[in-house]
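Notes for the one structure printed next.
For the numbers below, each heavy atom of this structure counts, side chains included, while hydrogens, waters and symmetry mates do not. Remember, it's a predicted structure, so these values are computed and weren't measured experimentally. In listed order, ligands and their atoms are each counted from 1.
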Amino acid sequence: MTTPAGRVFPAGFVWGVATSAYQIEGAAAADGKGPSIWDTFSHQPGHTRGGATGDIAVDHYHRYAEDVRLMAELGLPTYRFSTAWTRVVPTGSGPANPLGLDFYDRLVDELLAHHIEPYLTLFHYDLPQALQDAGGWPNRDTAYRFADYAHIMAERLGDRVTHWITHNEPLVTAFMGHLSGEHAPGIKDPTAAFQAGHHLLLSHGLAYAAIRGAAKRPPTIGITLNLTPIHPASDSEADAQAAARVDMLSNRLSLDPLLRGAYPPELQGLLELMLAGALHEGDLEIIRRLDWLGVNYYSRAVVRYDPDVAFVEAGPTRPVGHEYSQMWEIYPPGLYELLTRIWRDYAPSAEIVVAENGVPVPDGLDFDGRVRDERRIRYLRDHLAEVQRAVQAGVPVRGYFVWSLLDNFEWALGYGMRFGLIYVDYETLARTLKDSGRWYSRVIAANALPD
Ligand code: IFM
């Protein structure tokens with residue numbers, strides 16, 4: 001049983017919520033914003049559920065002041081959001097768009113006026129379409145254009161923003177965007193996927209240097225990774241090896257270069273093939289620059305040997321008798337496993353933060369206008385208890401961000417998945433605080449889990 005003292009988080013623990021530009025901003029072509037690959041992709045038939053797009057999303061671009069007020073009501077000390085590259089540099093390279101920069105300027109000022117510390121992510125899937133047309137992430141030049149954009153942002157906001165995130169979930173962009181094709185730009189080409197992944201990591205390191213060079217106050221610069229404990233479906237040797245292969249490609253492929261400065265040696269043969277010509281001398285030294293690591297955790301994966309699946313020879317299973325959300329198994333101990341594993345295997349000098357954690361479960365307004373999302377509260381409570389367990393085991397976890405502040409556009413799944421602490425009526429765009437939001441607010445105020 002947990003002691004009352006065990007329910008308290010360390011002093012100075014960072015509490016927050018996270019969002020991303022394309023998922024909430026809307027105003028897809030306002031004030032000189034250029035098209036991103038998600039504007040293009042979501043408008044092509046068959047790519048998103050119900051043909052949903054982020055054209056309007058939840059109109060945060062026009063309602064940011066109301067949203068910041070709601071954050072303040074929740075007592076949020078920090079807010080993690082992303083900036084849209086094409087708002088700032090409409091074609092991805094060349095001159096900045098002053099009106100786009102002005103928007104982020106206003107947002108940051110509004111946050112600071114409410115004593116909310118910004119955590120700014122530079123890239124959350126929305127590559128400028130013009131750069132895609134020039135080859136996208138498989139083209140090495142994109143990494144340098146990203147560093148230019150990072151420089152522009154740090155020059156403009158680096159007097160007020162301390163905490164920077166270069167990329168959110170680079171392997172999602174690499175694999176879902178270039179291998180399965182479920183995400184923009186919808187490519188299905190393994191070589192493109194690996195090269196995109198490498199250039200995303202390279203651009204992280206280049207942007208790290210660009211931010212340091214331009215920011216007026218000393219920045220802390222991180223990256224957020226989607227990490228998933230991979231479990232074998234049985235005790236068989238074949239399943240164990242299948243799980244190790246999936247782990248290599250979904251976790252170690254980014255953790256190893258970022259925290260060890262090398263790709264996993266076990267992948268040498270595959271990477272020689274896939275990164276031929278793309279991996280330059282000195283790249284791994286550039287990639288290794290990191291002040292803090294953001295861990296995005298949602299679920300585990302249970303896999304079995306399947307010779308028909310290319311590369312990994314492994315396929316997913318869904319263990320029976322477990323609880324599932326609309327997207328994944330609900331598996332809180334996976335967060336403890338992940339945090340302790342990172343600490344044990346890498347002992348990073350970079351700080352560790354849980355940068356996303358949340359759940360899509362059906363919810364809605366009750367007769368009295370209240371949203372009673374008990375399952376989300378249970379999910380958050382159980383995962384926070386695992387964070388505490390990791391802290392007690394000696395892992396220096398510095399903070400935790402709920403995904404997400406508001407219900408929003410869940411990529412290819414459209415608006416069907418509600419992750420928010422705040423309910424959004426997609427007709428009127430009215431916001432309603434959910435019970436989970438009130439609950440989280442109490443956790444933040446107490447710096448502890450309630451009994
Ligand atoms: O909505 C996404 C977010 O954009 C990135 N991390 C996972 C979330 C839930 O799927």
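- Each of Y297, Y331, Y298 was scored for a ring pair (Phe, Tyr, Trp, His ring centres under 6.0 Å) with H383, with one residue passing: Y297.
- When ring centroids are compared, Y149 and F123 stay outside the 6.0 Å threshold.
- Taking the ring axis of Y423 as reference, the NZ or CZ atom of R431 does not stay both within 45° of it and closer than 6.0 Å to the ring centre.
- Ring centroids of Y79 and Y119 are separated by 6.0 Å or more, keeping the two rings apart.
- At a threshold of 4.0 Å, the pair R288-D283 does not count as salt-bridged, since none of the basic side-chain nitrogens sits closer than that to a carboxylate oxygen.
- Side-chain atoms of T173 and H183 form no donor-acceptor pair, as typed in the model, at a separation below 3.5 Å.
- The contact shell of ligand 1, taken as protein residues with any non-hydrogen atom closer than 4.0 angstrom, comprises Q23, H124, Y125, N168, E169, Y298, M327, W328, E356, W403, E410, W411, F419.
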